[in-house]
2 protein chains.
Amino acid sequence: MSRIEPDRRLGARASLADIAAEAGVSVSTVSRIANGALDRASPATVEKVQRLIAERGFRPNPVGRSLRGGESQLVAMLAPNLDNPAMAAIAASTEAALRDAGTVMILCDTHDRPDLQDEYLRAMRSRFVEGFVVVSAVASPELEAAVGRGDPIVFVNRRSPYGGLAFVGIDNRKAGADAADHLLARGVRRPAAIHPAELSSTIRDRVEGFVERFEAQAPGVRVRVVAGAGANHLDAGYAAAGALGPSEEWPDGVLCPSDLMAYGLYRAALERGVRVPGDCEPVGIDDNALNAWIAPWLSSVRVPYPAFGPRIVECLRSLRQGEPAGEILLPHALVRR
Amino acid sequence: MSRIEPDRRLGARASLADIAAEAGVSVSTVSRIANGALDRASPATVEKVQRLIAERGFRPNPVGRSLRGGESQLVAMLAPNLDNPAMAAIAASTEAALRDAGTVMILCDTHDRPDLQDEYLRAMRSRFVEGFVVVSAVASPELEAAVGRGDPIVFVNRRSPYGGLAFVGIDNRKAGADAADHLLARGVRRPAAIHPAELSSTIRDRVEGFVERFEAQAPGVRVRVVAGAGANHLDAGYAAAGALGPSEEWPDGVLCPSDLMAYGLYRAALERGVRVPGDCEPVGIDDNALNAWIAPWLSSVRVPYPAFGPRIVECLRSLRQGEPAGEILLPHALVRR
DNA sequence: ACAGTTTAGGCAAACGTTTGCCAAACTCAA
DNA sequence: TTGAGTTTGGCAAACGTTTGCCTAAACTGT
């Protein structure tokens with residue numbers, strides 16, 4: 001399968017050996033100088049080698065380096081479905097923060113499937129990745145094993161199913177409570193909360209926080225809690241809204257524990273002639289960047305996804321140094337529309 | 001910096017040598033069997049080694065393999081800003097298609113900056129990536145060099161600035177023309193097209209296709225073409241809409257060459273009391289998945305992003321085998337709302 | 001029985017690093 | 001002059017693969 005060119009290999013470029021040969025020194029000397037150990041060679045040698053490095057554009061080959069030292073400058077992000085704008089926002093901010101740290105990100109879309117998550121965990125491990133960022137983790141054997149081994153893992157949005165470990169997210173109960181306050185202030189008296197049929201801890205916290213706060217502040221009021229089935233939050237929101245009954249039975253305010261669920265509810269409302277807002281005031285959580293542009297009907301608790309990346313990277317660094325990194329809860333804020 | 005455990009290295013697991021030692025054969029034999037060369041050993045040996053491989057969960061270390069053979073099972077995707085849902089859709093479908101091919105994807109967010117694009121191109125090259133997927137490429141020296149070397153690169157959405165190479169996208173002129181037909185059918189008589197101040201070839205084609213078709217079908221009608229400045233298409237759409245003048249001068253139909261621009265226009269319309277649709281009928285291109293849920297006012301040319309991934313991977317494979325992969329134009333379809 | 005062929009499997013080099021260890025050569029003081 | 005200490009830099013192993021080449025031993029056919 002050889003090609004025309006002698007070395008069409010993509011990675012082909014100056015190696016330590018090339019520089020060494022040209023400089024008339026040994027590979028070790030070049031390696032040391034390239035790594036900044038300037039006191040291991042005479043000033044003349046250092047100068048010569050540095051010049052050659054610059055001229056040839058030499059950069060140490062990360063693959064050789066990985067093999068030797070087990071350091072790869074590689075971090076794996078496992079995320080369920082990138083189509084969710086919230087995931088994309090997390091991925092984007094993490095990528096940027098990693099780049100600043102000289103690391104690159106491998107993106108793995110697990111589609112929320114434990115088997116795929118496991119496959120990726122194994123594959124990434126054998127690539128010497130330096131850490132994992134697992135967004136909305138699902139329970140899986142390999143994840144349990146990795147946690148057990150103490151691999152550097154940062155959980156995002158959803159906590160580890162296997163005991164308290166590094167976590168970056170928001171205070172979900174409080175977010176739910178803030179949403180309750182918002183609906184209370186808007187005069188809602190017949191509140192509801194919707195959620196996907198399969199409850200994650202994140203969603204549960206949001207809903208519980210909402211219900212508790214609402215019922216505490218409005219004695220005598222009961223919050224309806226309605227589940228909807230669906231492969232994603234859009235469908236789940238639509239289904240849950242469908243289960244709210246005919247339009248006259250609809251609540252006048254609804255917690256949607258993610259913006260996508262609110263979108264699902266919106267469509268159901270449109271189909272039933274329920275005015276949103278007006279008849280029914282939804283409040284979301286996430287505050288997708290598009291809301292400001294095309295969902296002026298949706299107040300939402302803004303989750304500071306752009307701030308996640310730097311904190312995630314920070315966490316990862318602590319972890320790799322053996323310090324246990326605890327939970328980082330970032331501040332959220334309700335955006336009224 | 002040593003830890004408590006003897007080998008806390010993340011990648012630590014059975015190697016060829018371990019298996020070989022245990023089986024009492026040489027490393028080469030294990031390697032051959034692991035790679036399916038079953039005729040290079042006696043059935044008994046094969047059986048024994050395969051059993052051990054299964055037991056120990058041995059998988060060849062991709063790093064060693066890369067170093068040796070220059071094959072890394074790694075592909076780099078360079079994309080500007082993941083926040084754009086279209087990019088996220090492309091990334092998601094490409095990731096899935098690559099996984100099916102046993103390859104993992106490194107995601108690089110170039111923020112549309114030539115310098116960052118170059119930095120990533122270099123970094124990825126030295127990691128032996130097997131190919132590049134460049135979404136909406138910008139011109140940059142390193143890209144030119146890579147194209148010159150004949151590196152496997154698939155351009156997505158926007159063609160190579162350096163001559164005709166592998167490309168996956170849609171027929172942008174035709175998409176524009178289809179949008180024109182749609183507005184004509186809806187009775188639009190005072191059409192406009194908006195676009196970002198800095199024109200990419202993609203956007204230019206869409207706008208030109210629209211203008212040509214509209215003016216050809218509606219003799220005597222001139223399409224207003226208005227630019228808007230902004231860091232992203234949302235802002236650019238908003239700015240361009242702002243430049244349309246007071247509401248009574250607004251066109252009754254507008255081509256927005258991306259959905260994000262349509263969202264920008266929508267906001268501007270809302271602020272001015274222009275009813276959308278009603279007073280002004282926008283047509284987008286992309287058909288973001290969220291449109292169906294929260295933008296019932298937006299007809300849009302659907303770009304089949306989920307189909308991009310498999311074609312991109314196919315392209316990459318051809319390229320790596322030395323066959324020149326041409327342009328792949330995927331079918332689009334207007335979605336009326 | 002013997003030459004010829006196939007089969008089974010080991011050796012060693014190569015990919016590009018990093019780093020512990022060793023050895024010259026030099027410096028300096030007594 | 002000698003001995004100790006420092007500077008400078010090379011050697012070689014190790015990381016985990018793959019693969020060309022080699023060599024026995026085991027077959028095959030006459």
Side-chain angles (χ1 to χ4, degrees), chain A residues 1-2 6-49 53 56-74 125-128, chain B residues 1-2 6-49 53 56-74 125-128:
Chain A
M1 199 100 339
S2 81
D7 192 354
R8 279 274 283 83
R9 247 209 5 242
L10 245 149
R13 63 189 315 159
S15 72
L16 277 185
D18 299 333
I19 304 286
E22 196 153 359
V25 299
S26 79
V27 173
S28 357
T29 300
V30 181
S31 171
R32 283 190 276 251
I33 294 175
N35 288 313
L38 302 184
D39 51 342
R40 291 299 312 273
S42 69
T45 308
V46 169
E47 198 279 333
K48 179 169 56 179
V49 170
I53 286 179
R56 296 274 172 285
F58 168 79
R59 308 235 299 208
N61 181 324
V63 175
R65 198 175 247 183
S66 296
L67 189 55
R68 155 70 206 210
E71 315 224 314
S72 59
Q73 315 275 76
L74 237 41
R125 212 162 92 81
S126 60
R127 279 175 197 275
F128 294 149
Chain B
M1 203 97 343
S2 80
D7 193 351
R8 280 274 284 84
R9 249 210 2 242
L10 224 85
R13 64 190 314 161
S15 72
L16 278 184
D18 300 333
I19 305 287
E22 196 153 0
V25 299
S26 77
V27 171
S28 355
T29 301
V30 181
S31 170
R32 284 191 276 251
I33 294 176
N35 288 311
L38 302 183
D39 51 343
R40 292 299 311 273
S42 69
T45 307
V46 169
E47 198 277 334
K48 179 170 55 181
V49 170
I53 286 179
R56 297 274 173 282
F58 168 80
R59 307 234 300 207
N61 181 325
V63 175
R65 196 176 249 182
S66 297
L67 189 55
R68 157 68 207 216
E71 315 225 314
S72 58
Q73 315 276 75
L74 237 40
R125 212 161 93 80
S126 60
R127 278 174 197 276
F128 294 150

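Lettering follows sequence order; numbering is per chain, from 1.
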**Study point:** Nearest heavy atoms of A:Ser126 and B:Asn61, plus distance in Å
**Key:** O-OD1, 3.4 Å

Exercise for review: Give a yes/no answer on whether the side chain of B:Arg40 brings an N or O atom under 4.0 Å of OP1 or OP2 in C:dT7.
Suggested key: no

Check your understanding: For B:Ser72 and A:Arg127, which heavy atoms make the closest approach, and how far apart are they?
Key -> O-NH1, 2.9 Å

**Study point:** Closest approach of A:Ala23 to A:Val49 (non-hydrogen atoms, all atoms of both residues)
**Key:** CB-CG2, 4.2 Å

**Study point:** Distance, rounded to the nearest Å, where A:Leu38 contributes CG and D:dT7 contributes P
**Key:** 14 Å

Study note, to complete from the structure: Closest non-hydrogen atoms of A:Ala41 and A:Ile33, given as atom of the first, atom of the second and distance, are CB-CD1, 4.1 Å

Practice item. When you get a sec, tell me which of C:dT17, D:dG16, D:dG10 is the closest nucleotide to the side chain of B:Arg68? Key: D:dG16

Check your understanding: Between atom CG in A:Asp39 and atom C1' in D:dG9, what is the gap in whole Å?
Key -> 13 Å

Exercise for review: Take the protein atom CG of B:Leu67 and the nucleotide atom C1' of C:dA13, then report the distance between them rounded to whole Å.
Suggested key: 13 Å

Exercise for review: Evaluate the side-chain proximity of B:Asp18 to B:Phe58: yes if any heavy-atom separation is below 4.5 Å, no if none is.
Suggested key: no

Check your understanding: When you check the phosphate oxygens OP1 and OP2 of C:dG9, does a side-chain N or O of B:Thr29 lie under 4.0 Å from one of them?
Key -> no

Exercise for review: Would you mind reading off the distance between A:Glu47 atom CD and D:dT8 atom C1', rounded to a whole angstrom?
Suggested key: 17 Å

Point to revise | Short side-chain N/O contact to D:dG9 OP1/OP2 from A:Ser42, under 4.0 Å | key: yes

Study note, to complete from the structure: What residues 30-37 of chain A contributes to the DNA chain C interface at heavy-atom separation below 4.0 Å is A:Ser31, A:Arg32, A:Asn35

Practice item. Calculate the interatomic distance between B:Phe128 atom CZ and C:dA14 atom C1'; express it in whole Å. Key: 12 Å

Revision key, fill the gap. Rounded to whole Å, the CG-P distance (A:Leu16 to C:dT18) equals 6 Å

**Study point:** Nearest non-hydrogen partners of A:Leu67 and B:Val63, listed with the distance
**Key:** N-CG1, 3.7 Å

Check your understanding: Looking only at heavy atoms, what is the nearest atom pair of B:Thr29 and B:Thr45, with distance?
Key -> CG2-CG2, 4.2 Å

Practice item. Kindly say if A:Ser28 contacts the phosphate of C:dT18, meaning a side-chain N or O under 4.0 Å from OP1 or OP2. Key: no

Check your understanding: Under 4.0 angstrom, heavy atoms only, what part of the nucleic acid is A:Val27 near: base, sugar-phosphate, or nothing?
Key -> base

Check your understanding: Over how many whole Å does the gap from A:Arg65 atom CZ to D:dA14 atom C1' extend?
Key -> 16 Å

Exercise for review: Round to the nearest Å and state the distance from B:Ile19 atom CD1 to D:dG16 atom P.
Suggested key: 12 Å

